[in-house]
Amino acid sequence: METSSASPAASGGVPRVFSVIRALGAVQAEGGRVTQIARSVGLTQATTHRLLQSLMAEGMVEQDERSKLYRLSIDFFALAASAGNPGDLRSICRPVLLRLCASLGDSIFLLARSGFDAVCLDRSEGPFPIRSFTGDIGGRIALGVGQGALAILAFLPEAEREEVIRFNLSRVREYGVYDEVYLRTEIERVRQAGYAGRNTGLLEGMAGVAVPILDREGRAVAALSVGTIADRLNADRMPTVVELLKREAAAIGPKINPFDATLRRPAQSLAGSPASQKISLPEAPGPV
């Protein structure tokens, strides 16, 4: 028996279609049978089958010939990708950077993951002169070096994180204070605390703190980072800065478009940015 007319699944054709789409999305990895989908949405098998066949005719659903399992099709995801999000990550985060810079009076950085590196997508300059690992917008650094890149690395899925560590270990060793034990200790510290905020001593008198930006799947795709002089990031002020960063990062996460080209090719997305056309790397690495 189908659900009562008060149920969204039975109140009309469009809600029924979307209830089936959502049910398929929940079982996308393994696929779903008609009986399973029908039970999930509260419709009869006959009605569910008709809806699935209609979606297949539109190319939005596909059925495995051997297992007879239904899944959302590639065309469905291509349509979602073309619709996308009216704002890419840089556009979403720009007001956040300005707001944090005004509130804290320090330089704020947006870093995005790019393979084995982190790329500076944007920054808002505070009143205190600092140098950063990434230099200007468009600069990059190995994941694990600096608070922002470390925050991203720490919150990658475990298998992916291990692969990055294996590849980047020789790169981070070039900074003189890193070895595998130290790096793994720092990663675990960041995972427990939810932020990266220790002064590594790579540049005396400077400090930074960063939190990861997680997408809807809980994967780190970027980081918000504060770079400032060490005196301004003491033990008394650190909790306030971390709380502000975490609050902003948590609000950004649900707005991230999983098909955002900025996240797939962050360096390419900066091609038209005046600040990225000429990148001057700092004489000495800083905290970001």
ask   = Under 3.5 Å, is there a donor-acceptor pair between the side chain of Arg94 and the main chain of Arg123?
value = yes

query = Between atom SG of Cys101 and atom CZ of Phe109, what is the distance when rounded to the nearest 0.5 Å?
reply = 9.5 Å

query = Transitively linked via ILVMFWY side-chain contacts under 4.5 Å: Leu24 with Ile74?
reply = no

note = Between the CZ atom in Phe116 and the CG atom in Leu143, the distance rounded to the nearest 0.5 Å is 9.0 Å

key: Verdict with supporting geometry, Arg189 and Glu186, salt bridge (charged side-chain N to carboxylate O under 4.0 Å, His left out)   = CA-CA 5 Å; Arg189 190 191 307 274; Glu186 287 299 290; 3.3 Å; yes

inquiry  = Less than 4.5 Å apart, side chain to side chain, heavy atoms only: is that true for Leu55 and Phe76?
reply    = no

Linked, directly or transitively: Leu69 and Phe77 (ILVMFWY side chains, under 4.5 Å) = no

request  = Any chance you could lay out the side-chain contact (heavy atoms from CB on, under 4.5 Å) test for Val145 and Tyr175, step after step, and finish with the verdict?
outcome  = CA-CA 9 Å; Val145 179; Tyr175 288 86; 3.8 Å; yes

key: Flag for Asp117-Ser114: side-chain donor and acceptor within less than 3.5 Å   = no

request  = For the residue pair Tyr70 and Gln53, confirm or rule out a side-chain donor-acceptor distance under 3.5 Å.
outcome  = yes

request  = Give a yes or no on whether Glu58 atom CD has more than 12 heavy-atom contacts from other residues, nucleotides or ligands under 6.0 Å away.
outcome  = no

key: Thr48 vs Thr44, side-chain contact (heavy atoms from CB on, under 4.5 Å): CA-CA, chis, key distance, verdict   = CA-CA 6 Å; Thr48 303; Thr44 65; 5.8 Å; no

request  = Using the side-chain contact (heavy atoms from CB on, under 4.5 Å) rule, pick out the option among Asp106, Val226, Leu245 that qualifies with Leu100.
outcome  = Leu245

ask   = From Ile213 CD1 over to Leu224 CG, what is the distance, rounded to the nearest 0.5 angstrom?
value = 4.0 Å

ask   = Given Arg216 and Ile256, is the side-chain contact (heavy atoms from CB on, under 4.5 Å) satisfied, shown in steps?
value = CA-CA 8 Å; Arg216 297 183 187 187; Ile256 294 175; over 6 Å; no

request  = Could you pull out the closest heavy-atom pair between Val242 and Val209, with the gap in Å?
outcome  = CG2-CG2, 3.7 Å

task = Identify the two heavy atoms, one from Asp64 and one from Ser67, that lie closest to each other, and give their separation to 0.1 Å.
result = OD1-N, 2.8 Å

key: Shortest non-hydrogen separation from Ser19 to Arg16 and the atoms involved   = OG-O, 2.6 Å

inquiry  = Main chain of Arg171, side chain of Asn168: is a donor-acceptor contact present, judged purely on distance under 3.5 Å?
reply    = no

inquiry  = Using the rule given for side-chain contact (heavy atoms from CB on, under 4.5 Å), can you reason through Gln36 versus Val27, listing the C-alpha separation, both sets of side-chain angles and the distance that settles it, and then say yes or no?
reply    = CA-CA 10 Å; Gln36 178 184 4; Val27 296; 3.4 Å; yes

ask   = With hydrophobic residues grouped by side-chain heavy-atom distances under 4.5 Å, do Ile165 and Phe167 end up in a single group?
value = yes

inquiry  = Which residue in the set Val241, Leu233, Thr228 passes side-chain contact (heavy atoms from CB on, under 4.5 Å) when paired with Leu104?
reply    = Val241

task = Provide the closest heavy-atom pair for Ala23 versus Ser40 in the form atom of the first, atom of the second, distance.
result = CB-OG, 3.8 Å

message = Between Ser54 and Arg50 (side chain of the first, backbone of the second, donor and acceptor by atom type, cut-off under 3.5 Å), is there such a pair?
response = yes

task = Answer yes if the side chains of Thr240 and Arg237 hold a donor-acceptor pair under 3.5 Å, and no otherwise.
result = no

inquiry  = On a heavy-atom basis, which atom in Leu111 and which in Ala118 lie closest, and how many Å separate them?
reply    = CD2-CB, 3.9 Å

ask   = Should Ile187 and Val181 be counted in the same cluster of Ile, Leu, Val, Met, Phe, Trp and Tyr side chains packed under 4.5 Å apart?
value = no

remark   = So CD of Glu248 and OG of Ser103: to nearest 0.5 Å the spacing works out to 8.0 Å

Verify same cluster id: Leu98, Leu121 (apolar side-chain graph, 4.5 Å) = no

Enumerate, atom names and distances included, each donor-acceptor pair closer than 3.5 Å involving a side-chain atom of residues 150-160, sequence neighbours excluded.
residue, atom, partner, partner atom, Å
Glu160, OE2, Arg113, NH1, 2.4
Glu160, OE2, Arg113, NH2, 3.2

ask   = Is there side-chain contact between Arg173 and Tyr182, with heavy atoms separated by less than 4.5 Å?
value = no

inquiry  = Any non-hydrogen side-chain atom of Ile92 less than 4.5 Å from a side-chain atom of Asn257?
reply    = no

query = Is it true that a side-chain atom of Gln45 and a backbone atom of Ala38 form a donor plus acceptor pair closer than 3.5 Å?
reply = no

ask   = Which residues satisfy the salt bridge (charged side-chain N to carboxylate O under 4.0 Å, His left out) test with Arg166, sequence neighbours excluded?
value = Glu163

query = Is there a donor-acceptor pair closer than 3.5 Å between any side-chain N or O of Glu62 and the backbone N or O of Arg71?
reply = no

query = Please walk me through it: do Arg184 and Glu188 pass salt bridge (charged side-chain N to carboxylate O under 4.0 Å, His left out)?
reply = CA-CA 6 Å; Arg184 289 185 180 279; Glu188 185 57 31; over 6 Å; no

message = Checking the side chain of Ser73 only, and the main-chain atoms of Met60 only, is there a donor and an acceptor separated by less than 3.5 Å?
response = yes

note = One should read off an interatomic distance between Thr35 OG1 and Ile37 CD1, to the nearest 0.5 angstrom, of 8.5 Å

Taking every non-hydrogen atom, the tightest pair across Ala222 and Leu110 = CB-CD1, 4.3 Å

key: Gap separating the CZ atom of Arg247 from the CG atom of Leu244, nearest 0.5 angstrom   = 5.5 Å

message = Could you tell me if the side chain of Cys93 sits less than 4.5 Å from the side chain of Asp122, heavy atoms only?
response = no

